[in-house]
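Note that ligands are numbered from 1 as they come in the structure, with each ligand's atoms numbered from 1 the same way. For the single chain, residues carry numbers from 1 onward in sequence order.
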Amino acid sequence: MAEVLVYVDHVDGAVRKPTLELLTLARRIGEPVAVALGAGAAATAGALAEHGAVKVLTHEAAEYADYLVVPKVDALQAAYDAVSPAAVLVPSSAEGKEIAARLALRIGSGVITDAVDLEAGDEGPVATQSAFAASFTTKTRVAKGTPVITVKPNSAPVEAAPAAGSVEALDVTFSAQATGTKVTARTPRESTGRPELTEAAIVVSGGRGVNGSENFGLIESLADSLGAAVGASRAAVDAGWYPHTNQVGQTGKSVSPQLYIANGISGAIQHRAGMQTSKTIVAVNKDAEAPIFDLVDYGVVGDLFDVVPQLTEEINSRKG
Ligand SMILES: Cc1cc2nc3c(=O)[nH]c(=O)nc-3n(C[C@H](O)[C@H](O)[C@H](O)COP(=O)(O)OP(=O)(O)OC[C@H]3O[C@@H](n4cnc5c(N)ncnc54)[C@H](O)[C@@H]3O)c2cc1C
């Protein structure tokens, strides 16, 4: 069976959920071979084997943390040369997309970004993408070279599928460009205790209708009742009511959770571009004509200051 390279996103050996989702998709098109780099790379092997990796190629070097993406591209290319895979899968983060694009250019392949599904096809893997702010769903196949595909978080379930997961050291020689851009400082973001926005299974967002930073506590309380991440429209972020890191949309983050709850958000195309692939969409808006209602599964026409606290209370009461 053809091998499929899966680029591993991990933090000090803790594998992040989007990588486990990639393993589910990789098993549909071949045998997953994982590539884990940097500090803690070897510690990823257990989780990767548990979810279907037949092999885990590891390489630990300071360059992965000290420089931007090129060392990672060098390593992924080394894995590509060693394995000659049928496809390369990378999580669709900003970094993942840059790594994928650079690798595809180097190996002369086509690249597909932001796939939301993947299946085997007669002429290679077929990716599902959501185009033009999700007005269209497209099926896409790479027509040249080995497909390099980035996949959005929450596009596939995490499935246990125990495999050998044998660890092999990857032989990497860094290119001259690898040390071109050095990381000079790192400031960890203060943890909110909530899940990462792009990976969360549930996202609760607030827009201009929230009407002030002091009212975002309502959105946070609803999010916390569901174990959700908090998102915001650009209008809310530009007004300074919530951090830019939480902006959802074309110029913010792209999310695709199981459940997206939009509160006081009109549904402008630029906002939709970042959330329209969510599985179930709920909106609370006092204007029955708001465009967001065109795409919702459930809509509440009402004042969010009435609806959101009641919803939060009801959810909390049902949790017993
Ligand atoms: C190049 C470009 C990029 C952009 N990128 C993004 C992006 O990434 N993300 C993004 O979000 N936007 C983006 N925008 C901005 C976008 O066009 C909209 O302006 C923005 O999404 C509007 O935010 P909003 O829905 O919160 O505000 P509004 O459009 O003002 O809508 C507020 C909504 O709240 C409702 N409301 C008001 N009070 C209440 C209440 N008490 N209870 C219930 N409902 C209430 C109103 O009925 C209204 O529908 C971009 C624009 C451009 C030009």
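Which parts of ligand 1 touch Gln250 is read off a 4.0 Å heavy-atom cut-off, strictly below it: atoms 7 (C), 8 (O).
Remark: minimum distance from atom 4 (C) of ligand 1 to any protein heavy atom is reached at Arg234 NH1, 3.2 Å. Protein heavy atom in closest approach to atom 32 (C) of ligand 1: Gly264 O, 3.4 Å. The protein heavy atom nearest to atom 17 (O) of ligand 1 is Gln270 OE1, 2.7 Å. Protein heavy atom at the shortest distance from atom 5 (N) of ligand 1 is Thr251 OG1, 2.6 Å. Of the protein's non-hydrogen atoms, the one nearest atom 27 (O) of ligand 1 is Arg208 CB, 3.4 Å. Among all protein heavy atoms, the one lying closest to atom 21 (O) of ligand 1 is Ala268 CB, 3.8 Å. Closest to atom 7 (C) of ligand 1 among all protein heavy atoms lies Gln247 NE2, 3.0 Å. The protein non-hydrogen atom at the shortest distance from atom 45 (C) of ligand 1 is Lys286 CG, 3.7 Å.
For atom 49 (O) of ligand 1, the choice among Asn285, Leu304, Asp287, Asn263 with the nearest heavy atom turns out to be Asn285. Remark: among candidates Gly209, Ala235, Gly267, the nearest residue to atom 23 (O) of ligand 1 is Ala235, based on non-hydrogen atoms.
Salt bridge Arg28/Asp117: present, at least one basic N to carboxylate O contact under 4.0 Å. The existence of a salt bridge linking Lys139 and Glu119 is confirmed by a sub-4.0 Å separation between a basic side-chain nitrogen and an acidic carboxylate oxygen. We find that Arg27 and Glu159 are joined by a salt bridge, their nearest charged nitrogen and carboxylate oxygen being less than 4.0 Å apart. The pair Asp297-Lys279 does not meet the salt-bridge criterion, since no charged nitrogen lies less than 4.0 angstrom from a carboxylate oxygen. Salt bridge absent: Asp122 and Arg141 never bring a charged side-chain N and a carboxylate O closer than 4.0 Å.
Not a single N or O atom of Ala236, backbone or side chain, sits closer than 3.5 Å to an N or O atom of ligand 1. Annotation: Gly207 places no N or O atom under 3.5 Å from an N or O atom of ligand 1; distance criterion only.
Hydrophobic clustering places Ile315 together with Ile261 (ILVMFWY residues linked when any side-chain heavy atoms are closer than 4.5 Å, directly or through intermediates). Under the 4.5 Å side-chain heavy-atom criterion for Ile, Leu, Val, Met, Phe, Trp and Tyr, Val35 and Ile99 are members of the same hydrophobic cluster.
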Practice prompt. List the steps and the verdict of salt bridge (charged side-chain N to carboxylate O under 4.0 Å, His left out) for Glu220 and Arg194.
Written response: CA-CA 10 Å; Glu220 290 180 332; Arg194 299 190 182 95; 3.7 Å; yes
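The shell of residues lying under 4.0 angstrom from ligand 1, judged by heavy atoms, excludes Pro291.
Using cut-offs of 30° and 60° for the angle between ring planes, the Trp241 and Phe216 rings count as tilted.
Within a 4.0 Å radius of atom 38 (N) of ligand 1, the protein contributes one or more non-hydrogen atoms.
For Tyr7 and Tyr80, the distance between ring centers is not under 6.0 angstrom.
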